[in-house]
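To keep things clear, I will list the structure first and then write my remarks on it.
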There are 2 protein chains.
Amino acid sequence: MRRNPERRSALLDCAIDVLARDGARGLTFRAVDVEAEVPTGTTSNYFPNRAALLTQIGGRIYERLQPDPATIAKSLEGPRTRARVEALMYELVDRVSAFRTGYLALLELRLEATRRPDLREVLTTRIRADVDANIDYHLKSGLPGDATTVKLLFLAMNWLIVERLTLPDLFGEDEIHDLVAAAVERIVPNQ
Amino acid sequence: MRRNPERRSALLDCAIDVLARDGARGLTFRAVDVEAEVPTGTTSNYFPNRAALLTQIGGRIYERLQPDPATIAKSLEGPRTRARVEALMYELVDRVSAFRTGYLALLELRLEATRRPDLREVLTTRIRADVDANIDYHLKSGLPGDATTVKLLFLAMNWLIVERLTLPDLFGEDEIHDLVAAAVERIVPNQ
DNA sequence: ACCGTAGTACTACAGATGGAGTGGTGTCAA
DNA sequence: TTGACACCACTCCATCTGTAGTACTACGGT
């Protein structure tokens, strides 16, 4: 088992790309080796088996999905209004959509999680932390709405991103924009 | 190429189960043969290749997801209130969750669709028809809310089902129930 | 300056699996 | 008799995993 952490992260990043591009079917040690342009067998040396690779991918995606500090700082500026929530939602949808491979890989992992209890546990923990952090942030920053508001936005935005990434022709870009606006308008109380 | 339609449907139903249980990775002609308890090679005889099998699975799932006429008739009874919409949402979430394998298989297909334009087209057409039918039904039946209401409910309910089926420990059953109620309360206008 | 050791990169291979697809044979019904 | 289908068998093939062995590099000791 090799320990070089940069290389491990690089392998995980390539594994995310493979997972998004070729699906769970295409995710093999060899495929990751090829994607990372490292010699055959390298990924085998870094991960004892496929299950370990999958759970570590889950952790890695969430590492990369966190907004960078600059974005967080910026989001703390401005008035605490519904319009501000709307702006945050556009930012969220675009940030997640921009990491397309990560989001698609995460969906693959969710499906894998129905078969792998350990992976399910990892994902549940991570996502619960994420939801809680969002609720916490929302309440503390004085934005309008309660915990339920945040959860409902979470539900709607997630599926909106799914539609955008998997069946882009179902809702066009304009309609996606309008749906974000409508979701905020109806779910978030006015002031 | 064999034509017996009952057998074809039976094979597709088994393919749905395989897809939900073992994922895209496990969906092979042989696995379907085993699941359907038919001789090796049968599925090969009915579908020219994996791609055709996948697109036909997509069609089959949507056939089976439609509510039966009795359910539709029942849903036309009663007053046209927000409480009625809430009841319909509980029915929807439970009906879809009950066809667990179908929903999970559909998610697998969505991910496959990112790689297969023909599958993407099939799914887009089907789902658009489904969304339009729901909007149409909602408006014609005089339930409160407009097309956007229906779409927002569609977004929230879909992801709620995803959570329930893939990470059941994230939201408990009680919380899921509450979220359905909250979604209706906030998204659907009062009368 | 030399040597030994540890950790890692790279290479190669053993071993095994499992699937795709096709062609042939028997059966039944029109 | 013919056509369609169920069933069966067989060939070919494409990988994948996991590990063992070799080479390289850095570092610390003498």
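All values below were derived from every heavy atom in this structure, side-chain atoms included, with hydrogens, water molecules and symmetry-related copies excluded. A note on names: the letters A, B, ... follow the listed sequences, proteins ahead of strands, and every chain is numbered from 1.
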Legend entry - No-hydrogen, no-angle side-chain donor-acceptor test under 3.5 Å, A:T43 and A:D33: yes
Inset, instruction - Give me the ring orientation class for A:W159 and B:W159: parallel if the planes are under 30° apart, tilted from 30 to 60°, perpendicular past 60°. - result: tilted
Legend entry - Any A:Y46 side-chain N or O less than 4.0 Å from OP1/OP2 of C:dT8: no
Inset, instruction - Write down the distance between CG (A:L53) and P (D:dC16), rounded to a whole number of angstrom. - result: 14 Å
Legend entry - Short side-chain to backbone donor-acceptor contact, A:R80 and A:S141, under 3.5 Å: yes
Inset, instruction - Please work out whether the ring planes of A:H177 and A:Y90 are parallel, tilted or perpendicular, with thresholds of 30° and 60°. - result: parallel
Inset, instruction - Answer yes or no: does a side-chain N or O of B:R8 lie under 4.0 Å from OP1 or OP2 of D:dA6? - result: no
Legend entry - Where B:E163 and B:L170 come nearest, the two heavy atoms and their spacing: OE1-CD2, 3.2 Å
Using atom names, set out every protein N or O paired with an N or O of nucleotides 19-24 of chain C below 3.5 Å, distance rounded to 0.1 Å.
{"residue": "C:dG19", "atom": "N7", "partner": "B:R30", "partner atom": "NH1", "Å": "3.4"}
{"residue": "C:dA20", "atom": "OP1", "partner": "B:F29", "partner atom": "N", "Å": "3.3"}
{"residue": "C:dA20", "atom": "OP2", "partner": "B:F29", "partner atom": "N", "Å": "3.4"}
{"residue": "C:dA20", "atom": "N6", "partner": "B:R30", "partner atom": "NH2", "Å": "3.2"}

Legend entry - Nucleotide C:dG7, atom P - distance to CG of A:N4 in whole Å: 14 Å
Inset, instruction - Say whether, by atom type as modelled, one donor and one acceptor occur between the side chain of B:R128 and the main chain of A:D169 under 3.5 angstrom. - result: yes
Legend entry - A:E37 CD - C:dA9 C1' separation (whole Å): 16 Å
Legend entry - Hydrophobic cluster identity match, A:Y103 and A:L88, side-chain contacts under 4.5 Å: yes
Inset, instruction - Enumerate the residues from residues 9-24 of chain A whose closest heavy atom to DNA chain C is under 4.0 Å, giving them by residue number; use none for an empty result. - result: none
Inset, instruction - Could you work out which one of D:dC8, C:dA9, C:dC10 sits closest to the side chain of A:P39? - result: C:dC10
Inset, instruction - Quick one: do A:D146 and A:T149 satisfy side chain to side chain donor-acceptor pair (under 3.5 Å)? Show the steps, please. - result: CA-CA 5 Å; A:D146 55 7; A:T149 305; 2.8 Å; yes
Inset, instruction - Please state whether the phosphate of D:dA6, meaning OP1 or OP2, lies under 4.0 angstrom from any side-chain nitrogen or oxygen of B:R7. - result: yes
